[in-house]
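Have a look at the structure below before the remarks.
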Amino acid sequence: MCGITGWVDFGRDLTRERDTVEAMTDTMAKRGPDAGGIWLSAHAALGHRRLSIIDLDGGRQPMTAGTTALTYSGEVYNFRELRTELTARGHRFDTRSDTEVVLRAYLEWGDAFVDRLNGMYAFAIWDGAELLLVRDRMGVKPLFYYPTPDGVLFGSEPKAILANPLAERVLDTDGLRDLLSVAKNPGHAVFRGMRELPPGHTLRVRRDGLDLRKYWSLQAGEHPDGLATTVARVRELLEDTVTRQLVADVPLCTLLSGGLDSSTLTALAAGTSDVRSYSVKVTDQPGDNLDHVHARLVADHVGARYEEILHTTVDLLAPTVKAAVLTAYDLPIAKGDEHASLHELFRLVRERSTVALSGECGDEVFGGYRWYRKPDAVWSGTFPWVHSGRSRHEGLDLLFAPDLMTKLGLREYERDSHDSAVAELSTVAGEDPLEARMREVTYLGLTRHAQVLFDRKDRMSMAAGLEVRVPFTDHRLVEYTFNVPWSMKNFDGREKSLLRAVGKDLLPAEVLSRAKTPYPSIEDDSYDRILRDRLRKLIGAKDEPLSPLLTDEFPEGRLTRPALETTLQLNDWLKAYRVRLVL
């Protein structure tokens with residue numbers, strides 16, 4: 001999986017900047033605990049931290065071929081087919097790694113090689129005169145960049161860029177708007193001057209400037225197949241995808257929640273390999289979440305080895321865990337308990353395995369969330385999940401100064417973000433309005449909602465040195481299902497009808513009929529009391545970084561947990577990252 005970073009500067013000799021490049025690379029140590037390396041030339045420097053997955057001895061990076069150098073993160077799942085084709089074209093390989101396949105594919109096909117890749121990846125290629133940054137189609141793997149007067153800085157995480165003195169740690173109005181809004185906009189990166197390479201894009205860095213190019217996007221169109229053919233095609237794609245993603249030279253497992261998505265993947269994986277599976281159980285928490293019960297049922301049914309990983313609410317509230325989550329994420333977050341739970345799950349899974357398959361994005365692909373079935377959310381004129389969950393985020397307007405909230409205009413920003421996202425999508429002439437809107441909602445889920453989940457998954461897993469693969473993001477599956485009519489996706493009146501039909505012969509009836517349950521969060525009321533007490537102290541302190549932006553008195557109106565956590569983490573982040581406010 002790995003972490004990458006680098007620096008291109010056409011105005012200085014970077015062979016003299018080893019210490020800075022090493023500092024940038026060292027920030028990626030948890031993403032790549034197995035090995036590290038840097039490569040320097042006059043105007044380009046590349047850094048790499050490696051999590052060894054394929055060809056443990058031969059895949060060291062940065063990797064070079066003549067004057068071309070590559071630093072690469074992720075996995076290309078069709079590397080074996082590409083290797084065969086490149087060999088037939090005269091290329092000779094020194095390793096078994098997919099890294100060398102990517103490098104030689106670029107040498108053979110130039111920029112067009114991105115169209116041939118199947119996987120999750122982010123990488124940089126220096127060809128002796130120019131830099132090419134590439135991010136996978138769905139944006140599963142992150143890649144940030146920071147333009148400078150004479151080039152660019154880049155990295156898998158903001159912390160790699162911030163290790164370079166050229167990068168300023170500034171939060172302006174636009175960045176604060178991104179932090180406090182529930183809408184994520186592709187390309188935005190919160191820190192002033194920093195950008196995130198959008199999914200399905202490349203960035204070419206030349207002496208005369210930067211050239212951003214989109215090489216892939218979802219396109220609206222007619223779906224040609226009937227229900228039976230569609231179910232069969234989805235099954236075929238999933239079988240192929242899971243088989244490809246089981247390739248590794250290290251221990252591999254599935255993250256099994258007992259829900260439809262992860263259960264289907266586990267069943268498919270168990271059909272081709274001796275698969276391990278893990279689920280999480282919070283042992284001291286009341287409630288009726290029975291994920292572990294259904295997970296064990298699935299594992300027994302498909303013959304997978306299974307283990308429950310136990311942790312407690314006390315584990316998740318530990319200051320060391322909360323600090324680790326903030327460090328891993330580089331930004332304040334609104335659902336700290338969920339991130340902490342994932343952080344601990346991934347840490348414990350990493351003690352047992354190096355690669356895991358996850359069911360993430362199944363809801364976006366197949367229409368699993370409840371808001372897909374709520375007309376008021378679908379037709380709300382905004383992001384459906386925002387409309388449905390707005391009450392859970394109440395309170396920010398009570399915490400921050402009224403003039404600041406007016407200046408930020410979060411509702412207007414949210415509406416504009418929604419409208420600009422919908423405008424990206426072409427239309428189908430004469431299409432039923434409901435079908436057209438449901439395609440828009442699906443597009444919003446795949447290009448906006450899923451990005452938040454990918455960020456969470458990537459930061460929390462890579463903080464533990466665990467590679468998490470997401471089969472439901474295979475671009476062939478996403479492209480095929482995107483234009484399947486909503487009437488077909490919802491043919492039996494239940495969520496994820498297509499996926500239930502695909503898994504009908506794979507899973508126990510209890511799992512096939514199970515309603516979707518949310519990821520478990522802390523239900524202990526004492527957690528909210530702790531947050532409120534901390535916030536009272538913050539408002540009363542007056543000398544905290546966030547003090548000038550808050551109201552003078554602790555508001556007694558409704559304050560939801562996300563509002564409390566966002567505010568507290570924002571203050572912690574400003575201090576920990578030494579961020580300067582310029583509003």
Side-chain angles (χ1 to χ4, degrees), residues 2-28 31 36-49 61-73 102-103 106-107 110-111 113-114 121-135 141-170 172 174-175 186-198 201-215 330:
C2 311
I4 67 171
T5 189
W7 182 6
V8 167
D9 196 309
F10 294 104
R12 70 174 77 196
D13 182 359
L14 294 184
T15 62
R16 300 178 179 179
E17 303 289 347
R18 176 176 290 272
D19 289 348
T20 299
V21 177
E22 286 183 344
M24 295 170 69
T25 305
D26 287 347
T27 66
M28 301 285 96
R31 295 185 75 94
I38 64 171
W39 177 87
L40 303 175
S41 68
H43 299 303
L46 305 180
H48 188 266
R49 289 295 313 190
Q61 297 185 50
M63 185 175 286
T64 61
T67 59
T68 302
L70 166 70
T71 183
Y72 164 73
S73 170
V102 171
L103 179 57
Y106 173 76
L107 295 174
D111 289 14
F113 82 121
V114 296
Y121 44 79
F123 54 83
I125 298 177
W126 172 258
D127 67 3
E130 301 174 348
L131 180 77
L132 179 68
L133 299 179
V134 180
R135 192 174 181 202
K141 300 312 299 175
L143 185 55
F144 296 86
Y145 67 98
Y146 189 102
T148 66
D150 294 304
V152 72
L153 310 171
F154 67 88
S156 295
E157 297 175 7
K159 62 172 64 72
I161 293 171
L162 297 175
N164 190 302
L166 293 178
E168 294 185 314
R169 299 168 180 247
V170 174
D172 60 14
D174 290 337
H188 293 204
V190 176
F191 292 96
R192 188 175 69 180
M194 190 181 296
R195 302 289 292 172
E196 186 173 18
L197 187 63
H201 280 68
T202 65
L203 181 73
R204 177 69 75 172
V205 182
R206 303 182 174 96
R207 282 185 176 272
D208 59 355
L210 280 59
D211 180 22
L212 183 67
R213 180 178 76 89
K214 179 187 290 187
Y215 70 89
D330 281 341

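Keep in mind the model is a prediction, meaning the values are calculated, not measured.
Between the side chain of Arg135 and the main chain of Lys141, a donor-acceptor pair closer than 3.5 Å is present. A donor-acceptor pair under 3.5 Å is formed between the side chain of Tyr146 and the backbone N or O of Glu168. The closest donor-acceptor contact from the side chain of Thr71 to the backbone of Pro62 lies at 3.5 Å or more, if one exists at all.
Expressed to the nearest 0.5 Å, how far CG of Leu133 lies from NE2 of His201 amounts to 13.0 Å. Distance CD/Glu196 to CG/Leu143: 8.0 Å, rounded to 0.5 Å. Within the model, atoms CG of Asp330 and CG of Leu162 stand 7.0 Å from one another, a figure rounded to the nearest 0.5 Å. Rounded to the nearest 0.5 Å, atoms CE (Met24) and CZ (Arg49) are 14.5 Å apart. In this structure, OG1 on Thr202 lies 7.5 Å from CG on Leu197, to the nearest 0.5 angstrom. With values rounded to the nearest 0.5 angstrom, Thr148 atom OG1 is found 5.5 Å from Leu153 atom CG.
Nearest heavy atom pair, residue Ala45 against residue Leu40, reads CB-CD2, 3.5 Å. The two residues Leu131 and Ala124 make their nearest non-hydrogen contact at CD1-CB, 4.0 Å. Considering all non-hydrogen atoms of both residues, Thr64 and Ala69 come closest at CG2-CB, 3.8 Å. Contact record, Pro186 with Pro198: CB-CB, 4.5 Å, taken as the closest heavy-atom pair. Ser156 approaches Pro142 most closely through the heavy-atom pair O-CG, 3.3 Å. Between Asp111 and Arg213 the shortest heavy-atom distance is O-NH2, 4.0 Å.
Tyr145 is linked by a ring-ring contact (aromatic ring centres under 6.0 Å, His included) to nothing, counting only residues two or more places apart in sequence or in another chain. Residues forming a salt bridge (charged side-chain N to carboxylate O under 4.0 Å, His left out) with Glu130 (at least two apart in sequence, or on another chain): Arg204, Arg206. Scanning for salt bridge (charged side-chain N to carboxylate O under 4.0 Å, His left out) contacts around Asp172 gives an empty result, with sequence neighbours left out. Residues satisfying the side-chain hydrogen bond (donor to acceptor under 3.5 Å, both in side chains) test with His43, not counting sequence neighbours, are none. Shown here are the salt bridge (charged side-chain N to carboxylate O under 4.0 Å, His left out) partners of Arg195, two or more places apart in sequence or in another chain: there are none.
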Practice item. Please assess Val102 against Phe113 for the test side-chain contact (heavy atoms from CB on, under 4.5 Å), listing each intermediate value before the final yes or no. Key: CA-CA 8 Å; Val102 171; Phe113 82 121; 3.9 Å; yes
Exercise for review: With side-chain contact (heavy atoms from CB on, under 4.5 Å) as the test, would you mind laying out the steps for Tyr72 and Gln61 before giving the verdict?
Suggested key: CA-CA 8 Å; Tyr72 164 73; Gln61 297 185 50; 3.3 Å; yes
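Here the side chains of Leu132 and Asp127 are not in contact, with every heavy-atom distance at 4.5 Å or above. Proximity of Trp126 to Trp39: side-chain heavy atoms (C-beta onward) are separated by under 4.5 Å at one or more points.
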Please set out all donor-acceptor pairs under 3.5 angstrom arising from side-chain atoms of residues 4-17, sequence neighbours excluded.
{"from": "Thr5", "atom 1": "OG1", "to": "Phe154", "atom 2": "O", "distance (Å)": "2.8"}
{"from": "Asp9", "atom 1": "OD1", "to": "Gly11", "atom 2": "N", "distance (Å)": "2.8"}
{"from": "Asp9", "atom 1": "OD1", "to": "Arg12", "atom 2": "N", "distance (Å)": "3.4"}
{"from": "Asp9", "atom 1": "OD2", "to": "Arg12", "atom 2": "NE", "distance (Å)": "3.2"}
{"from": "Asp13", "atom 1": "OD1", "to": "Thr15", "atom 2": "N", "distance (Å)": "3.0"}
{"from": "Asp13", "atom 1": "OD1", "to": "Thr15", "atom 2": "OG1", "distance (Å)": "2.6"}
{"from": "Asp13", "atom 1": "OD2", "to": "Thr15", "atom 2": "OG1", "distance (Å)": "3.0"}

